[in-house]
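Worksheet for the structure shown next.
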Amino acid sequence: MQESRRERKKRETRQRIVSAAIALFEEQGYEQTTVTQIAAAADVDPKTFFNYFRTKDEVLFVDMERDFDVLAGAIADRRPGEGPGEVLARAVECYAAHRRPKIPAKEAAELSGVTRLALTTPALQAKGLYLMLALQQRVAGELLKAFPDLDPITAAAMIGALMGAIQQAGLASVQLGRSQEELWEAGRHGVEIAMRGLRSVPPPTPNP
């Protein structure tokens with residue numbers, strides 16, 4: 001669907017806030033940066049900031065929790081003949097297709113800056129860890145709903161292997177100073193490696 005003028009302005013305002021926040025975080029530190037400063041740098045009112053973000057840490061995790069719905073929905077939409085590994089592979093593809101167009105292009109230096117902030121700032125480390133654990137538990141739960149006879153430990157191990165591969169491959173790409181396109185490719189490569197093991201998990205046999 002064609003983006004309306006109102007939607008475009010909202011998207012541009014959100015991105016301006018995000019860019020201003022990241023620049024200030026890198027310049028003077030995350031803890032030292034206030035919402036008022038971010039709003040001023042983005043040329044918006046502080047109330048406008050809170051129309052888009054509940055807290056300043058959300059700036060670096062834009063819409064992630066909402067986007068997880070796409071991943072969970074794809075798993076719930078299990079197709080005939082799919083095993084657990086195939087369902088997860090398709091779900092990741094659906095998530096990437098939904099998420100990627102929403103992320104503005106960034107230079108390698110900006111990607112590294114965001115990662116450095118997330119890895120060295122305690123508050124952001126805690127937020128990232130919370131989101132990752134919540135995502136893994138939610139996805140494992142959706143996988144068990146799709147495959148009621150799947151062992152919960154197996155489901156947890158599968159999710160951990162997949163998410164860990166994507167996360168670490170992407171992190172390595174950023175630390176090497178690779179481009180945003182190379183970052184997406186690293187994520188795909190991580191999925192490919194994880195799927196070699198995940199596809200070996202057979203569909204569970206229903207209990208009589």
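One is the number of the first residue; the rest follow in order along the sequence.
Glu82 contributes a side-chain N or O that, together with a main-chain N or O of Arg79, makes up a donor-acceptor pair within less than 3.5 Å. Not one N or O on the side chain of Thr48 forms a donor-acceptor pair closer than 3.5 Å with the backbone of Val44. Put simply, the side chain of Glu7 gets close to the backbone of Ser4: a donor and an acceptor are under 3.5 Å apart. The backbone N or O of Gly83 sits less than 3.5 Å from a side-chain atom of Glu86, completing a donor-acceptor pair. No donor-acceptor pair under 3.5 Å is formed between the side chain of Ser173 and the backbone N or O of Ala169. Although no hydrogens or angles enter the test, the distance criterion places a donor-acceptor pair under 3.5 Å between the side chain of Glu58 and the main chain of Arg54.
A salt bridge does not link Arg16 to Glu12: none of the charged nitrogens lies less than 4.0 Å from a carboxylate oxygen. Checked for salt-bridge contact, Arg90 and Glu93 miss the test: no charged N lies under 4.0 Å from a carboxylate O. Between Glu182 and Arg188, none of the side-chain N atoms (NZ, or NE/NH1/NH2) sits under 4.0 Å from a carboxylate O, so this pair counts as no salt bridge.
Partners of Phe53 by ring-ring contact (aromatic ring centres under 6.0 Å, His included), not counting sequence neighbours, listed by chain and number: Phe49. Applying the ring-ring contact (aromatic ring centres under 6.0 Å, His included) criterion to Tyr30, with sequence neighbours excluded, gives Phe25.
In this structure, Asp77 places its CG atom where more than 12 heavy-atom neighbours from other residues, nucleotides or ligands lie under 6.0 Å away. Summarising the local packing, CD1 of Ile153 is surrounded by 12 or fewer heavy atoms from other residues, nucleotides or ligands at distances under 6.0 Å.
Counting only heavy atoms from C-beta outward, the side chains of Val139 and Leu88 approach each other to under 4.5 Å.
At a cut-off of 3.5 Å, with distance as the only test, no side-chain donor of Gln37 or Gln32 sits close to an acceptor on the other residue.
Residues in residues 137-182 take part in no ring-ring contact (aromatic ring centres under 6.0 Å, His included) pair, two or more places apart or across chains.
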